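Just below is one structure, and these are the notes that go with it.
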Amino acid sequence: MIPGPVAALAVAGDVGAVVHEGRCEVLPVERLAAEVARLEARQQPRWVWWAAASDAAPVVRARVHLARAWDVAEAHRLLHGGWEAEPARCWAVAHGLPVDGIPTAPAGDLFDLVGPALPPDDVLVDDGGYLRADHHGWVRDPGHLEQWARAALGVAGLQYQAAVASSTRLAGTAASESAAALLCVELERDGLPLDRARTEELIAAAAGPRAATPADEEAARRTRDSLVLRHVQGRESTDLRNPVQVRELLAAAGVDVPSTRKWVLEPYRQVHPVVDALLTWRRDERIATTYGYRWLDANVGDDDRLRGRWSACDGAAGRMTAENGLHNLPASLRPGVAAHAGYRFVRADLGQVEPRVLAVVSGDVAFASATAADDLYAPVALRLGVERAVAKVAVLAAMYGQRSGAAGEALRGLESAYPVAMGLLDRAYAAGRRGEPLHTYGGRLVPTGRFLAERPPGTDPALDAARGRFARNAVIQGSAAELFKAWTATVRATTRDLGAEVVLCLHDELLLHVPADAADEAARRVDTALGDAARRWSGGAPVRFVADTSVIDRWSDAKD
DNA sequence: CGGTGAACGTA
DNA sequence: CGTACGTTCACCGA
């Protein structure tokens with residue numbers, strides 16, 4: 001069983017169930033938060049639920065802070081790879097049942113009559129040992145919620161057993177990933193503080209003033225288009241949103257290109273003014289269409305906070321994802337992200353995190369010694385006898401699988417200077433080519449056969465190479481994501497008493513919204529948390545992680 | 001109407 | 001120069 005005090009929390013509709021020390025209480029969600037808070041204050045149990053997004057959300061919305069969790073869906077993704085983690089799937093896999101035997105939900109039509117029979121109404125598990133096919137509707141009966149919560153507890157216990165049986169780190173990773181999933185619910189609740197007026201100014205600079213009518217919007221659009229079209233006589237009817245027509249437009253201007261992609265057109269900026277105008281148009285059009293007034297109105301609340309859905313891991317290596325621009329806001333809009341009155345941001349980003357993660361994952365003692373430096377490329381360059389820039393390109397090429405460029409000689413130098421680290425990358429690449437699954441350092445299963453499954457390894461060299469590159473990258477990227485989440489969970493726990501909120505997680509960058517007079521202290525704790533989380537995550541490996549941490553008022557401040 | 005690819009933003 | 005993700009647009013085929 002999961003060590004320490006454990007409690008289960010399950011919510012369906014406006015009713016929730018709490019199971020603790022063998023007893024169960026079923027409560028309306030209005031009273032649920034108070035009961036959960038009472039237990040948390042008394043015992044700080046590890047909260048078990050099917051998924052934070054469904055079961056923890058009402059409690060999080062009531063601003064109850066929970067310290068520890070076991071999220072069945074996240075544990076499933078960690079142990080078995082992929083993203084699908086419905087309760088029926090988690091249950092089946094935890095019980096060793098094949099997933100293709102999971103009964104499908106009744107559709108409410110005549111075909112239900114020929115499907116497998118449902119168990120009696122008070123029974124959750126069917127004859128085959130699976131969750132009953134209609135559990136989604138079944139659980140909305142408050143009389144069934146206790147069984148539902150206890151089932152989560154059962155699956156969590158099986159997952160814990162499987163985790164400790166297969167690796168010493170897995171249970172710790174599951175706890176950290178569960179904390180990340182809970183944080184995602186908090187991120188959705190809190191949002192990212194914005195300066196609305198400043199953001200509107202920045203949008204206006206790209207898209208023009210806010211249109212009062214659809215006709216005005218269309219006119220503004222034509223005005224933007226005309227700045228490009230005026231450069232080529234006789235092509236004024238070109239649809240700039242149609243790549244084929246744009247290519248014809250460029251050809252008429254004497255610019256013959258295979259595609260109209262930005263990096264293809266970049267060298268032609270000086271050749272013909274239409275190219276520069278087109279690239280400027282694309283940049284502005286991105287803001288006008290994706291991050292314009294519609295985006296602002298739809299996703300920024302009356303409290304001037306940008307909200308979107310968060311996910312604790314993607315389906316590949318396990319990085320966090322976010323919607324509504326939280327992860328891909330154009331840099332030009334960043335000055336609009338601003339701490340609210342009386343608050344400041346603490347911004348911290350990990351430095352050179354991927355090579356440092358490689359040092360941990362591979363256990364390469366020589367490479368680990370380079371991480372003692374603030375700039376690890378400096379000692380690597382010294383050892384290889386090359387310029388820093390060459391060493392950096394070589395390390396990145398080794399990790400990411402660059403196929404062209406002049407990194408060849410330095411790459412050979414890496415192979416002899418750091419054979420253990422390079423060997424790990426080579427083995428990951430080879431395993432990926434063979435379509436074999438890999439594990440991140442924290443134990444996440446990364447399947448490599450998930451895409452291109454219909455083309456088995458060995459039938460297409462290009463696809464084999466793509467799988468190899470994916471695998472080599474996933475081990476590093478996924479392990480880095482684990483370290484980041486361990487750090488973030490530690491920050492969440494250690495800065496809470498200061499009134500700090502984590503408001504953005506961006507792969508290697510963390511943004512906290514903190515009462516102004518506590519910001520300096522929060523920044524110190526962010527740095528301390530990195531050392532603690534890295535030590536715990538790496539098992540005490542002699543690898544140093546560094547963060548660039550600063551107290552700022554706008555996200556755009558203190559950027560490199 | 002749903003799926004696909006181009007394009008581009010972020011790390 | 002690799003990997004990953006989310007969003008919008010135009011196009012294609014049903």
Side-chain angles (χ1 to χ4, degrees), chain A residues 83 192 206-207 221 238-247 257-266 278-292 294-295 298-299 308-334 337 349-355 357-358 389 392-408 410-411 425 428-429 432 438 440 446 448 450-451 465-481 484 504-511 555 559-560:
Chain A
W83 205 81
L192 179 65
R221 191 167 129 147
T238 299
D239 180 357
L240 293 174
R241 295 152 192 85
N242 182 328
V244 176
Q245 290 187 32
V246 170
R247 208 174 145 228
V257 284
S259 87
T260 72
R261 289 195 150 94
K262 189 181 171 186
W263 54 89
V264 174
L265 291 179
E266 199 69 48
L278 176 67
L279 292 174
T280 302
W281 175 89
R282 285 231 180 107
R283 192 196 61 205
D284 290 346
E285 191 70 4
R286 168 73 44 188
I287 291 175
T289 57
T290 306
Y291 304 109
R294 216 178 50 228
W295 163 81
N299 303 305
R309 288 172 47 188
W310 285 82
S311 157
C313 73
D314 60 30
R319 297 215 295 193
M320 293 174 79
T321 67
E323 298 182 350
N324 297 342
L326 286 157
H327 269 185
N328 39 16
L329 198 71
S332 64
L333 293 184
R334 286 187 177 196
V337 178
D349 72 298
L350 299 175
Q352 305 168 339
V353 61
E354 291 185 334
V357 162
L358 171 60
K392 178 176 174 176
V393 167
V395 169
L396 294 177
M399 284 192 303
Y400 300 153
Q402 183 181 319
R403 285 166 300 178
S404 60
L411 265 174
L425 295 169
Y429 183 77
L438 298 102
T440 62
V446 181
T448 61
R450 101 202 131 81
F451 65 114
R467 265 192 287 251
R469 286 196 305 276
F470 166 73
R472 175 167 48 194
N473 188 262
V475 172
I476 303 303
Q477 189 185 91
S479 300
F484 179 83
L504 190 72
C505 296
L506 194 45
H507 307 314
D508 64 356
E509 180 174 354
L510 203 50
L511 202 61
W555 192 16
K559 285 291 288 183
D560 305 330

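Every value quoted in this text rests on a predicted model; they were computed, and no experiment measured them. The figures that follow rest on heavy atoms only: side chains count, while hydrogens, waters and symmetry mates do not.
Counting all heavy atoms, side chain and backbone alike, Ala322(A) lies closest to His327(A) at N-ND1, 3.5 Å.
Looking at heavy-atom distances under 4.0 Å, Ala331(A) makes contact with sugar-phosphate atoms alone, never a base. Across all strands, Ile476(A) comes closer than 4.0 Å to no nucleic acid atom at all (heavy-atom distances). Contact annotation for Glu323(A): backbone-only contact, meaning every heavy-atom pair under 4.0 Å involves sugar-phosphate atoms and none involves a base. Among the atoms of the strands shown, only primed sugar atoms or phosphate atoms (P, OP1, OP2) are found under 4.0 Å from some heavy atom of Ala322(A).
Taking atom CG of residue Leu329(A) and atom P of nucleotide dT8(C), one finds them 13 Å apart after rounding to whole Å. Atom CH2 of Trp310(A) is separated from atom P of dC5(C) by 16 Å (rounded to the nearest Å). Protein atom CG of Leu265(A) is 11 Å distant from nucleotide atom C1' of dA7(B), rounded to whole Å. Taking atom CG of residue Asn299(A) and atom P of nucleotide dG6(C), one finds them 15 Å apart after rounding to whole Å. At whole-Å resolution of the value, CD in Gln245(A) and P in dC11(C) are 7 Å apart. Atom CZ in Arg282(A) sits about 11 Å away from atom C1' in dC9(C), given to the nearest Å. Remark: C1' of dT10(B) and CH2 of Trp555(A) are 8 Å apart, rounded to the nearest angstrom. Rounded to an integer number of Å, the gap from Asp349(A) CG to dA11(B) P is 10 Å.
Ranking dC9(C), dC8(B), dA11(B) by closeness to the Asp508(A) side chain, first place goes to dA11(B). Side chain of Arg294(A), nearest nucleotide from dT7(C), dT8(C), dT3(C): dT8(C). Set against dT7(C), dG2(C), dA6(B), the side chain of Pro243(A) has dA6(B) as its closest nucleotide. Listed nucleotides dC8(B), dC5(C), dT8(C) differ in distance to Thr289(A); the shortest reach to its side chain belongs to dT8(C). Taking every side-chain heavy atom of Asp239(A) into account, dA10(C) is the closest of dG6(C), dT3(C), dA10(C). Of all nucleotides listed (dA7(B), dA10(C), dC8(B)), dA7(B) comes nearest to the side chain of Thr260(A). The side chain of Gln477(A) approaches dG2(C) more closely than any other nucleotide in the set dC8(B), dG2(C), dG9(B).
DNA chain C is contacted by both Asn473(A) and Asn324(A); Asn473(A) maps to the nucleotide lying nearer its 5′ end (nearest heavy atom per residue).
Proximity of Asn242(A) to the phosphate of dC11(C): a side-chain N or O atom is located under 4.0 Å from OP1 or OP2. Side-chain N/O atoms of Arg261(A) include one lying less than 4.0 angstrom from OP1 or OP2 on dA7(B). Phosphate contact (OP1/OP2 of dA6(B), side-chain N/O of Lys262(A), threshold under 4.0 Å): absent. Between dC8(B) and Arg286(A), no contact under 4.0 Å exists linking OP1 or OP2 to a side-chain N or O.
In the interface, the side chain of Arg319(A) is paired with the base of dA11(B) through a donor and an acceptor atom under 3.5 Å apart.
Asp314(A) places a side-chain N or O within donor-acceptor distance of the main-chain N or O of Ala317(A), the cut-off being under 3.5 Å. A donor-acceptor pair is defined here as one N or O able to donate and one able to accept, closer than 3.5 Å; no such pair exists between the side chain of Trp555(A) and the backbone of Ala331(A). For Arg247(A) (side chain) and Ser259(A) (main-chain N/O), no donor-acceptor pair under 3.5 Å exists by modelled atom type.
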CA sep, side-chain torsions, deciding dist, call: Gln477(A), Val446(A), side-chain contact (heavy atoms from CB on, under 4.5 Å): CA-CA 11 Å; Gln477(A) 189 185 91; Val446(A) 181; over 6 Å; no
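In summary, the side chains of Thr289(A) and Arg241(A) do not present any donor paired with an acceptor at a separation below 3.5 Å, with no hydrogens or angles considered.
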